[in-house]
Amino acid sequence: MPDTKGLVIVNTGNGKGKTTAALGLALRAWGQGLRVLVVQFIKGNWKYGELKAAEKLGPDFVIRQLGEGFVKHAKANANADHQSAAQTALAIARAEIASGGWDLIILDEINYAVKFGLVTVSECLELIGLKSGQMHLVFTGRDARPELIDCADLVTEMRAVKHPYQQGVKAQKGIEF
Ligand code: ATP
Ligand code: MG
């Protein structure tokens, strides 16, 4: 067995922490000199703290936001803008994975893009085929498809136990964005 292996990692489940865990991993990897790219498939409306952090961390920690607003329900299926934004994100993900220029790529919320029919599961699996043997690839978002889980080396399901939204606490800076 080789000492190192580029992993396919999936962070899924209904609990909070899928994206934050991926970013924690990204920070750890960057600290070890790995080149990190985050491709956001579904973009929120907030200015994320991680965007500011990435600017400070420099060229080996890059976040590319490519989604077109938050897709809330399956009706977005019919939305050509979402479709084309997700397909643009996919095309960029393909090129970046194949470029060999990154050691860790996070495909943030790509599982939602699949769930809402903006990207097919086959397109997702094809991305894995493009990566080098040493590159780590992370897929985040609820409802990861079983086909993806089958192909992965490391799968974590966040389970919701409590969430401050249930107490009516609003999204807070530094916690949610
Ligand atoms: P985070 O980016 O905070 O790590 P996440 O990636 O696990 O969250 P997403 O599915 O991307 O979660 O959802 C984004 C939003 O949904 C976040 O604002 C998050 O706090 C919220 N959320 C996640 N889990 C729950 C939950 N169990 N109840 C209510 N809101 C939730
Ligand atoms: Mg997330």
Side-chain angles (χ1 to χ4, degrees), residues 7-31 36-57 61-77 79 81-83 85-90 92-93 96-97 102 104-119 121 123-124 127-128 136-149 152-177:
L7 301 175
V8 174
I9 301 173
V10 178
N11 291 350
T12 192
N14 290 336
K16 176 173 163 66
K18 299 169 288 293
T19 298
T20 46
L23 290 169
L25 178 71
L27 191 64
R28 175 178 289 168
W30 177 85
V36 176
L37 174 69
V38 182
V39 180
Q40 290 185 329
F41 276 71
I42 308 288
K43 185 176 72 174
N45 296 322
W46 293 313
K47 286 221 155 199
Y48 290 111
E50 50 265 38
L51 290 176
K52 294 183 188 172
E55 274 172 31
K56 292 188 180 174
L57 294 177
F61 195 120
V62 173
I63 299 180
R64 298 188 65 174
Q65 282 197 303
L66 299 151
E68 270 303 313
F70 197 82
V71 183
K72 286 211 173 72
H73 46 69
K75 267 192 192 158
N77 240 346
N79 187 322
D81 287 349
H82 287 307
Q83 181 77 48
Q87 286 296 321
T88 302
L90 185 66
I92 287 172
E96 296 286 15
I97 292 167
W102 307 99
L104 168 66
I105 295 186
I106 295 170
L107 306 171
D108 191 44
E109 322 293 12
I110 191 172
N111 295 343
Y112 294 100
V114 174
K115 182 176 176 178
F116 296 123
L118 306 173
V119 167
V121 72
E123 285 170 327
C124 245
L127 294 175
I128 298 171
H136 306 293
L137 194 56
V138 184
F139 296 75
T140 85
R142 294 179 192 201
D143 301 314
R145 290 280 289 265
E147 299 94 316
L148 177 63
I149 289 172
D153 303 291
L154 173 57
V155 180
T156 301
E157 186 171 322
M158 274 63 181
R159 184 170 66 89
V161 178
K162 284 183 169 184
H163 193 290
Y165 288 177
Q166 293 159 352
Q167 302 171 41
V169 177
K170 294 204 176 99
Q172 299 187 77
K173 181 163 74 177
I175 302 291
E176 294 290 346
F177 59 96

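Computed from a predicted model, the values in this text were never measured in an experiment. Counting convention: from 1, in listed order, for ligands and their atoms alike.
Less than 4.0 angstrom separates some heavy atom of Y165 from each of these atoms of ligand 1: 18 (O), 29 (C), 30 (N). In the vicinity of E109, heavy-atom distances shorter than 4.0 Å reach the ligand 1 atoms 11 (O). Counting the atoms of ligand 1 from 1 in the order shown, those under 4.0 Å from a heavy atom of G15 are 7 (O), 24 (N). In summary, the atoms of ligand 1 found under 4.0 Å from a heavy atom of T20, numbered by their order in the structure, are 4 (O). Those atoms of ligand 1 that come under 4.0 Å of a heavy atom in A160, given as number and element, are 27 (N).
The shell of residues lying under 4.0 angstrom from ligand 1, judged by heavy atoms, excludes F177. At a 4.0 Å cut-off, at least one heavy atom of N14 sits close enough to ligand 1 to count as contact. The closest approach between a heavy atom of A171 and any atom of ligand 1 is not below 4.0 Å.
The side chain of E176, and not its backbone, has at least one atom closer than 4.0 Å to an atom of ligand 1 (non-hydrogen atoms only; side chain from C-beta on). Under 4.0 angstrom from ligand 1, the non-hydrogen atoms of K16 come from both its backbone and its side chain.
The N/O atoms of R142, backbone and side chain alike, include one that comes under 3.5 Å of an N/O atom in ligand 1. Looking at ligand 1, you'll find an N or O of G17 within less than 3.5 Å of one of its N or O atoms.
Taking A22 as the reference, N11, I106, V138, T140 meet the side-chain contact (heavy atoms from CB on, under 4.5 Å) condition, with sequence neighbours excluded.
Atoms CG and CG, on L137 and L37 in that order, are 10.0 Å from each other to the nearest 0.5 Å. Note that CG of L51 is 6.0 Å distant from CD of Q40, once rounded to the nearest 0.5 Å. Rounding to the nearest 0.5 Å places CG of L118 at 10.5 Å from CG of L90. With rounding to the nearest 0.5 Å, the separation of CG in L107 from CD1 in I92 is 12.0 Å.
With 2.8 Å as the limit, T20 does not count as an N, O or S neighbour of the Mg ion (ligand 2).
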Under the side chain to side chain contact (heavy atoms under 4.5 Å, CB included) criterion, do F139 and T12 qualify, and how do the steps go? CA-CA 8 Å; F139 296 75; T12 192; over 6 Å; no
Report the C-alpha distance between Y165 and E176 in whole Å, list the side-chain angles of each, state the deciding distance to 0.1 Å, and finish with yes or no for side chain to side chain contact (heavy atoms under 4.5 Å, CB included). CA-CA 11 Å; Y165 288 177; E176 294 290 346; 3.3 Å; yes
Taking it one step at a time, do K16 and I175 satisfy side chain to side chain contact (heavy atoms under 4.5 Å, CB included)? CA-CA 10 Å; K16 176 173 163 66; I175 302 291; 4.0 Å; yes
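When each of I63, V38, V39, I42 is tested with D108 by the rule side chain to side chain contact (heavy atoms under 4.5 Å, CB included), just one qualifies, namely V38.
Counting just the N/O/S atoms of E109, the one with the shortest distance to the Mg ion (ligand 2) is named OE2.
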